[in-house]
There are 2 protein chains.
Amino acid sequence: MDATVKRKVRSPKSARPPPLQPVEPAHESDGAHLELRIWLRLLTCATRIEKALNARLRKEFNTTLARFDLLAQLARRPDGASMSEVSDLLMVSNGAITALVQKLEADGMIHREVDSADRRTFRLRLSQDGAKEFGRMARRHEEWVIALIGELSPVAQSDLLQHLTLLKRRLDKHA
Amino acid sequence: MDATVKRKVRSPKSARPPPLQPVEPAHESDGAHLELRIWLRLLTCATRIEKALNARLRKEFNTTLARFDLLAQLARRPDGASMSEVSDLLMVSNGAITALVQKLEADGMIHREVDSADRRTFRLRLSQDGAKEFGRMARRHEEWVIALIGELSPVAQSDLLQHLTLLKRRLDKHA
DNA sequence: CAATAATGTTTCACTCTTAAAATATCTTGT
DNA sequence: ACAAGATATTTTAAGAGTGAAACATTATTG
């Protein structure tokens, strides 16, 4: 994570404006590249939030972030989705989706019906019970996220979202 | 750790300025709260980058991000660290650290010596071979991260880092 | 109209992680 | 000094994820 090794891979130093007035308090800033530090912070924040949400989902609903995310994807797709689509959306392997779906179906949260046009694929849909339960979870989930992130000022939030969106777009292109 | 019964976790709506001029193009913006969308993007970006780095570490060095991160922590601590310290730093459970350390020691990447003052704790240090191998990995790792994130303009990078740092601070306080 | 390729899902063996119990060692208060 | 508690690590069982192979179905093409 650290990579205190210096070696220019990209643009020469002159391309980056010299930090005359350091934008950051330089508290734990070693000489590492900006990119490295961004990645570190990104990972830290995501991990922290993910662990918090997972713990609460487990405690309050005896479920998991993966299950919740799957339900969330179905909730916003009234026409359902196939296993592969869900697999792509959640960035999780096919095998994992199979297991997830089996459990969620056994728990009565989702329906799984063979596609009439292509008997290889399943159409996954939220069941009525699933929709209700997801609604409960989603409300709490939203409260938690707001509690975690909401302390940032609205301006900071909007900026952060913009930058993350930008980053995501670059990552898309990179793939 | 309880955001339990609370309708409004934060300030009432009036505290957030009405978006007369939407700061974001509203391309895929459903009505979800800003916080939710930030969390989603954050998770997406982190997952994408993590998977990319992990795949490359596996392919090129037959290792893993967890191993690399552990080595990185030791690399910046010439006096070494205990298991628990590493566990905290990596935000990974103690059990996982035990397994990680055993493998890394077996591979000759790190030394593990009992602390002379406290026989419960181990002092973990990078071995010479470990330091060399970590150096190689760190150089490549840095290149990868720069390739992934570096397409953002220097200004965007600096902004993003600032905002993530701010977020991390809030998360710290929250815990 | 086969043969072959492509696609969607499942299975499998393996790895990693976690939480909690177990173990070992130190620290403290009396 | 010693019981009680705190701290550091390991063990254990269970849960989840992965990539690759297997399997089933559909598409393509010569």
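Order of the sequence lines fixes the chain letters, A, B, ..., with proteins taken first and strands second; residue numbering starts at 1 for each chain. Worth knowing before you read on, the calculation uses all heavy atoms, side chains too, and leaves out hydrogens, waters and symmetry mates.
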Exercise. Under 4.0 Å: is that the gap between some side-chain N or O of A:Lys103 and OP1 or OP2 of D:dG15?
Worked result: no
Problem set entry | Between P of C:dT23 and CG of B:Asn94, the distance in whole Å | 17 Å
Exercise. What is the distance from CZ of B:Arg58 to C1' of D:dT18, rounded to the nearest Å?
Worked result: 9 Å
Exercise. So what does B:Arg112 hit on the nucleic acid, given a heavy-atom distance under 4.0 Å: a base, only sugar-phosphate, or nothing?
Worked result: sugar-phosphate
For this session: Quick one: label B:Thr121 by what it contacts on the DNA or RNA (base, sugar-phosphate, nothing), any heavy atom closer than 4.0 Å.
Result: sugar-phosphate
Seminar exercise, completed: Of the listed C:dT9, C:dT18, D:dG17, the closest approach to the A:Ala96 side chain comes from D:dG17
For this session: Can you tell me the distance, in whole Å, between the CZ atom of B:Phe122 and the P atom of C:dT23?
Result: 17 Å
Exercise. Can you find a side chain N or O atom of B:Gln102 that sits less than 4.0 Å from OP1 or OP2 on C:dC16?
Worked result: no
Problem set entry | Under 3.5 Å donor-acceptor pair, B:Arg119 side-chain atoms to C:dT25 base atoms | no
Exercise. Taking atom types as modelled, is there a side-chain donor on A:Arg41 or B:Thr165 under 3.5 Å from an acceptor on the other?
Worked result: yes
For this session: Check the distance between D:dG17's C1' and A:Arg67's CZ and give it to me in whole angstrom.
Result: 16 Å
Problem set entry | Spacing between B:Asp115 atom CG and C:dC26 atom P, to the nearest angstrom | 10 Å
Problem set entry | A:Arg120 (side chain) and C:dT7 (base): donor-acceptor pair under 3.5 Å | yes
For this session: Could you check how far CE of B:Met83 sits from C1' of C:dT23, rounded to whole Å?
Result: 14 Å
Exercise. Which atom pair, heavy atoms only, marks the closest approach of B:His163 to A:Ala156?
Worked result: CD2-O, 3.9 Å
Exercise. Of the non-hydrogen atoms in A:Leu124 and A:Leu74, which two are nearest, and what is the gap between them?
Worked result: O-CD2, 3.6 Å
Problem set entry | Residue whose closest nucleotide on DNA chain C lies nearer the 5' end, A:Glu85 versus A:Lys51 | A:Glu85
Exercise. In whole Å, what is the span from the CG atom of B:Leu57 to the C1' atom of C:dC16?
Worked result: 15 Å
Seminar exercise, completed: Heavy-atom nearest nucleotide on DNA chain D taken for A:Ala66 and for A:Ser116; more 5' hit belongs to A:Ala66
Exercise. Is it true that A:Arg136 and A:Glu133 have a side-chain N and a carboxylate O under 4.0 angstrom from each other?
Worked result: yes
Problem set entry | Upstream residue (5' side of DNA chain D) when A:Thr64 and B:Ser84 are each assigned their closest nucleotide | B:Ser84
For this session: With sequence neighbours excluded, tell me which residues meet salt bridge (charged side-chain N to carboxylate O under 4.0 Å, His left out) with B:Arg67.
Result: B:Asp107
Exercise. Contact class for A:Asp118 vs. all strands (heavy atom < 4.0 Å): base, sugar-phosphate, or nothing?
Worked result: sugar-phosphate
Exercise. Which whole-number value in Å describes the distance from B:Met91 CE to C:dT18 P?
Worked result: 10 Å
